2 protein chains.
Amino acid sequence: MSLEHAILGFLNYEPMTGYELKKIFDQSIKHFWPAKQSHIYRVLPQMEEKGWLTVEVIQQDTRPARKVYHLTERGRAELQAWLAADQPPSETRLAWLIQLFFAGQLSDEVVLGLLEHQASLIRHRLQRLGGIPAESSQQMDGSETPRDRFYWMLTVDYGVASAIAQLRWLEEVIARIRRSQYELPTIG
Amino acid sequence: MSLEHAILGFLNYEPMTGYELKKIFDQSIKHFWPAKQSHIYRVLPQMEEKGWLTVEVIQQDTRPARKVYHLTERGRAELQAWLAADQPPSETRLAWLIQLFFAGQLSDEVVLGLLEHQASLIRHRLQRLGGIPAESSQQMDGSETPRDRFYWMLTVDYGVASAIAQLRWLEEVIARIRRSQYELPTIG
DNA sequence: CCGATCATGTAAGTGGTTACATGATTAT
DNA sequence: ATAATCATGTAACCACTTACATGATCGG
């Protein structure tokens, strides 16, 4: 249950509300683990029942009460164990590869459109990823160690490296199809 | 609904049973769109209700009746439309990147173990992908055109190219951590 | 005046997994 | 003997998404 463990990770920095968790998700790990507001809110009480969290309710006038979630000892132990545990291989589902797989039934025009679309999606992702370091250095409150930041930036770098490789592949295949060069690529 | 459209794609080659669909999934698109037997069986009657398929029931002694699914005109049209339609960006969830993100709380030993594990998973995937062209040339029945085969092999090549890039990244990061070289990587 | 920010949730639906159930036939 | 192949499914569960609901405050 990765969502829950990501939440544990953030609450280990400092106690937070669901609202704040949603924000920090979007600012940091969204690019490899997006989370919806409703999902976060639904999972927090479950984590409390498991004894990983405790809630501190802070009443407010005019606004709903803040529910600040704190990590318990058991929560901290759970996090530590999960962080070190080997994860099963993450399987990636790529619908556009299904399209490519059946592209024999399409004209070159349409296939090219499909690949160009994919390339443009990746270019946008690269742009977003490129913006992260700048954004982050502003919004960081300094509570993170340089080592924390190093690993954060590694996750961004991984995204960038994969995206660049995928983009290069797409551009090469597009060029090849434009030249009507249908030899099978050399593999392995 | 990509599962359903992948099924349409295969049934456009020739009519098949759920059992045969499961086999062909495993032999071809499993590496980017795995499907469970139970899921395929559940979705077929739904596709029939939508008017995309018709069933031909072939009674057998000793075995359950074969239910051979045929594509209808509407099914064929649906497939054609979907194949040419821009897909929304496919979001990839990588639990091990959550681990890496919070790796500041772990020792170098443990982080290295995590990265090595990831590298070994990718090496295995590369091996499996490398085996596909050989397997496929045997099991193909020749009904596929060379163009069909070209696109099939492209999906494999994409998997290989991405995997190699990810593996290189991992190996470089592992080496850097071994040298205790914690400078931030240069991005963008 | 309008949109963003703060702050909480619930309900229904979707796409997929896990586990269960049956049973003859053929190949090793 | 034993495992693989053929051939069908169902039920319960899980992670996640979509859509809905409320409402004050603050900055442009």
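Just so we're clear, the structure is a prediction, and the values are computed from it rather than from any experiment. Proteins come first, then strands; the chains are lettered A, B, ... in the order of their sequence lines, and each starts at number 1. Side chains included, hydrogens not; waters and symmetry mates left out as well; all remaining heavy atoms used.
Contacts of Gln46(A) with the nucleic acid, taken as non-hydrogen atoms under 4.0 Å apart, are absent. Residue contacts shown for Ala65(A) are limited to sugar-phosphate atoms, with no base heavy atom under 4.0 Å away.
Put simply, the side chain of Arg42(B) and the base of dG9(D) share no donor and acceptor less than 3.5 Å apart. One donor-acceptor pair, N or O on each side, does fall under 3.5 Å between the base of dT18(C) and the side chain of Ser38(B). The base of dT8(D) is paired with the side chain of Gln37(B) by a donor and an acceptor separated by under 3.5 Å.
Here the side chain of Thr72(A) pairs a donor or acceptor atom with the backbone of Gly51(A) at under 3.5 angstrom. Checked by atom type and distance alone, the side chain of Arg147(B) pairs as donor or acceptor with a backbone atom of Gly104(A) at under 3.5 Å.
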*List the protein contact pattern of nucleotides 23-28 of chain C with one symbol per nucleotide (5' to 3'): B for base contact, S for sugar-phosphate-only contact, - for none; contact means a heavy-atom distance under 4.0 Å.*
BBS---
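Comparing the local axis fitted to the first five base pairs of the helix from dC1(C)-dG28(D) to dT28(C)-dA1(D) with the one fitted to its last five gives a bend of 50°, rounded to 10°.
For Trp52(B) and His5(B), the gap between ring centers is short of 6.0 Å.
Per the geometry, CE belonging to Met1(A) stands 16 Å off P belonging to dC13(D), to the nearest Å.
Shown here is His70(B), whose NE2 atom has more than 12 heavy atoms of other residues, nucleotides or ligands within 6.0 Å.
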